Amino acid sequence: MSTDFAPEELLIATVADMLTGLGHVAVGAQSPIPGTAALLARARSGGGLRVSMLGSETHSPFTDGGRELFDCAAQGRIDAFFLGGGQIDGQANINLVGIGDYPETKVRFPGSFGSAYLYFLVPRVILFREEHTARVLVPKVDFVSAPGVSEENTYRKGGPHALVTGRCVFDFDDAAKRFRLQSIHPGHTVDEVREHTGFNFDMPDDVPETPAPDASTLALLRGDVAEAVTERYPAFAAKVFGTVNAA
Amino acid sequence: MSTDFAPEELLIATVADMLTGLGHVAVGAQSPIPGTAALLARARSGGGLRVSMLGSETHSPFTDGGRELFDCAAQGRIDAFFLGGGQIDGQANINLVGIGDYPETKVRFPGSFGSAYLYFLVPRVILFREEHTARVLVPKVDFVSAPGVSEENTYRKGGPHALVTGRCVFDFDDAAKRFRLQSIHPGHTVDEVREHTGFNFDMPDDVPETPAPDASTLALLRGDVAEAVTERYPAFAAKVFGTVNAA
Amino acid sequence: MMTSIEDLAARIPDGARVALAPDYSGVSMATVRALIARGAKDLHLIGVPSVGFQGDMLIGAGCVATLEAAAVTLDEYGPAPQFNAAIKAGALKMIDGTCPAIHAGLQAAEKGIPFMPVRGIVGSDLLTHRDDWTIGHDPFDEEDGPIVMVKAIRPDVTLIHAPLADCHGNVWIGVRREMMLMAHASRNTLVTAEEIYDGDLLADERLAPGTIPGLYVSGVAEAANGAWPVGLFGRYGPDDAHLRDYLQRARTVDGFASYLDEFVHAPKAAE
Amino acid sequence: MMTSIEDLAARIPDGARVALAPDYSGVSMATVRALIARGAKDLHLIGVPSVGFQGDMLIGAGCVATLEAAAVTLDEYGPAPQFNAAIKAGALKMIDGTCPAIHAGLQAAEKGIPFMPVRGIVGSDLLTHRDDWTIGHDPFDEEDGPIVMVKAIRPDVTLIHAPLADCHGNVWIGVRREMMLMAHASRNTLVTAEEIYDGDLLADERLAPGTIPGLYVSGVAEAANGAWPVGLFGRYGPDDAHLRDYLQRARTVDGFASYLDEFVHAPKAAE
């Protein structure tokens, strides 16, 4: 059964489940899997979910320039967003700047983008990084682009909800300020996750398998959703769904 | 000679002279004489003067809504503006709120509009009030919508340049923080000005007459300028110039 | 999204903080009449930055407890009679402001920040009467003088009239972008539109730049001539004769009542 | 107002603080090539909020002393090779920011205020490295936590490419309003346009809302395909093959030099 879908399809379905019941999800640039997940969640919402994709000419609802996404988040009008990280640590701090002793970084990443802001203002931030290695998931990030947790008197309306990787799903436990292993993708093991994770995390005695997408989800995903995602991510859509951009 | 032009034409020409050499003049709502003066100055500038008339659909260059005039002034892009006042006092304070002990005003004016801001940010603010009576030109305004002068550590890029009334022109002396009678309109006298002015002011031994508009100014005013002002102030243009709005 | 004018009026609860555009922008007089007809009470009007006829009518009809604005102006028609009467009677709490401070307060709400610095104002008596304005300093220049900080203004509702809206709630306002700011800053935005656009305003590259996205809009009603007797930018001018008649009648209690009877209550009763 | 691309480049002096739009907005690659050709030096680039190919090229060509941005990104093309090389060599002063703080700094300049509060950021290492950001408090709520204040960002020049401009200096940018903010905040704005519009962009009610008024613009040059090899919103996409070739060559000093020879110096010499 686990051979009936692509690994990307599992990730898409897993992320989409985290968006159920929300009103507005925004997706940053270069986020094909989160973007597709948002479109899947929208397709299942019966018109209840609005999706804003940055850099998309047909899915962007913004008319006030680059600042509008950020203002909109601060107004409380965005329920979920996705962030990644060159490094992510066990307190959900993310590093989008570089490895080494800043500013003399040995490896330079593109930069923090809006992470230092959106992480505070969007209630449900889903960390997504397909590469699950000890190089990415580190004990402590070299540079905190955006902190996972804040002191109590900090104005913070949101923060980390979960971390989805190519091997598993972690929930973030706000009280403990730690990740907790929630499920392991089919074909992967707890030992493997432990080996490739640089930070300590909590886990239940019995870790469930990440649920496989059901037939109706796959049908929706490969039909209308694949078509919708083709405008923004033609190469990705062609690879995963075999769609061709008619434009 | 003083019968060759309307009183409004003298005021228009007088104000227009104060705009010579400037780059950008903005004119608020309900300001037919300052607005016409700005259009006259523009006509004489050979393309050097830009005029922005609020509430005009053909002379407004703004595309960022109501705030743009104010932002633009703070950016230092507006050289002159006009303010009036239900009361104006000898320190060039203006009152656009009301007469009496605020908030229990006996007479209520419309409100301060942008005066409390533009008076600080536009280098050359020309106070214009056709009614020259002791009711308007008072020793001390009942409510300071916008102060004429500020303490030294105040961020202030502009302030009162002159006060033009139906009887005379006052300059504002920044150092003395007082008005100084600069000229008296033809047909009026110093005694008359003194009688109808509630505040003390300085004056030279010999007060000149406000110069009459010359023939070329009148020709320009009654030609192209009258036509241009007709769109915004049809009733005023018809009254002073006999023009008819073709629109 | 699509609803009736009466429903829009019903969705502005008594006591709501309602942002309104000035007469030269987009004024939903159709909904103002519906608000008076439903007997709205205790509204806190916010003029962005001034109010005109809609403010005068709502005040006269007893719908308003508080008015926050830089001015109340009927432009060339002269002083606002019902506003002046209410001030004289002490029946209205007036919060006097200045245009850029109102814009700045709304921009603070738009950005989700608690306050915004504003130039000028220092030394104005306006400042003495505002507990939501205070003096601060530039943290980067200790030598710099005082600067006014205005508290964020977050209206419950923005009520406007626009030339076009579509069924997705997108609303075309052209260059009258104070209405964009109002929509961003307010919890809800309710709109009457001259015309319903058949399509998606955001899909047309020439219409999108002047469009409030449906994201901010919670209700749209079609209202041809919905700004009447006030004008609508680029569409029609004010009904001069009607406004002069209003001004005449609104000078007296009976005259104002007869105006409401004729133009608010009678058309409603005739439905 | 109307001038040449070379003149635009000549009007950006060495050492100027230059605001640039991201690759998905309006990028004047034509002027970037002219800047490299004229040997511009010590530029302080400000990405609003990020820079792409134009940043990488200007850095590689030695035109840049300082780069202030929330990110340097070539999107799907991968890491920016000349930027990364310059960082590694310590040849570039990088001022790392975050998108909303750059927008807020420009909005402060737009409003003529010295600083602007911004949400978030507290606890980010970005803050430790910025002497133009500081922690303050809400003057209306002593109980409220820390809030970051960012200093106004006032660029000397904004350099952009747009689909349309007219001879009055009006520039149509559609919904890409970060360019409006940049123009308001900057002392001068220089523009290349795909096409010169025959008329007044502000006179058309559907074009005006997406138009930067000529008031803010000091020079316009016609440049068909002026964003190439980057794309221009609503007009054309990136030249994929060319950009991949650039990426390949820009990995080495010689390769980058050969790219400049072929696409910057040779066309210039051939004039």
Side-chain angles (χ1 to χ4, degrees), chain C residues 100-101 103-105 107-108 110-121 130-153 163-164 172-177 179-180 201-213 232-235, chain D residues 100-101 103-105 107-108 110-121 130-153 163-164 172-177 179-180 201-213 232-235:
Chain C
H103 294 126
Q107 283 187 278
E110 179 182 53
K111 301 191 85 59
I113 52 179
F115 68 97
M116 174 89 70
V118 185
R119 286 294 186 198
I121 305 176
R130 297 292 298 245
D131 57 10
D132 55 350
W133 296 2
T134 188
I135 294 276
H137 292 274
D138 176 4
F140 299 104
D141 185 358
E142 300 282 320
E143 307 285 290
D144 208 44
I147 183 165
V148 172
M149 315 284 192
V150 309
K151 196 170 175 171
I153 300 172
L164 297 173
W172 187 81
I173 54 160
V175 297
R176 297 271 34 126
R177 281 183 91 87
M179 293 193 278
M180 183 76 79
L201 285 160
L202 292 180
D204 180 319
E205 73 162 21
R206 295 193 174 199
L207 289 169
T211 296
I212 303 172
L232 179 63
F233 62 93
R235 293 297 180 274
Chain D
H103 294 127
Q107 283 187 277
E110 179 182 55
K111 301 191 84 62
I113 52 178
F115 68 97
M116 173 90 71
V118 185
R119 285 297 186 194
I121 304 177
R130 297 291 299 248
D131 57 11
D132 55 349
W133 296 2
T134 189
I135 293 276
H137 291 272
D138 175 4
F140 299 104
D141 184 358
E142 301 281 320
E143 307 284 291
D144 208 44
I147 184 164
V148 172
M149 314 284 192
V150 309
K151 197 170 173 169
I153 300 171
L164 298 172
W172 188 79
I173 53 160
V175 296
R176 298 273 30 127
R177 282 183 90 87
M179 295 193 277
M180 183 75 80
L201 285 161
L202 292 180
D204 180 318
E205 73 162 20
R206 294 194 175 199
L207 289 169
T211 295
I212 302 173
L232 179 63
F233 63 92
R235 293 297 181 273

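Here the structure is a predicted model, which is why all the values come from computation and not from measurement.
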C:Arg176: salt bridge (Lys or Arg N to Asp or Glu O under 4.0 Å) partners, not counting sequence neighbours = C:Glu178

Donor-acceptor pairs under 3.5 Å, side chain of residues 131-138 of chain D to any protein atom, not counting sequence neighbours: which ones?
from	atom 1	to	atom 2	distance (Å)
D:Asp132	OD1	D:Arg130	NE	2.8
D:Asp132	OD1	D:Arg130	NH2	3.3
D:Asp132	OD2	D:Arg130	NH2	2.9
D:Asp138	OD1	D:Phe140	N	2.8

Contact origin within C:Ile113 toward chain D - heavy atom pairs under 4.5 Å | both

Chain D contacts, top residue of C:Gln107, C:Lys111, C:Met116, C:Arg206 (heavy-atom pairs, under 4.5 Å) | C:Arg206

In terms of heavy-atom contacts, D:Asp204 and D:Pro209 come closest through O-CD, 4.4 Å

Pair D:Arg235 + C:Glu205: basic N to acidic O under 4.0 Å = yes

Comparing C:Pro100, C:Ala104, C:Ala108, C:Gly112 against chain D, the one with the most heavy-atom pairs below 4.5 Å turns out to be C:Gly112

Considering only heavy atoms, which portion of C:Val150 lies under 4.5 Å from any heavy atom of chain D: side chain, backbone, both, or neither?
-> backbone

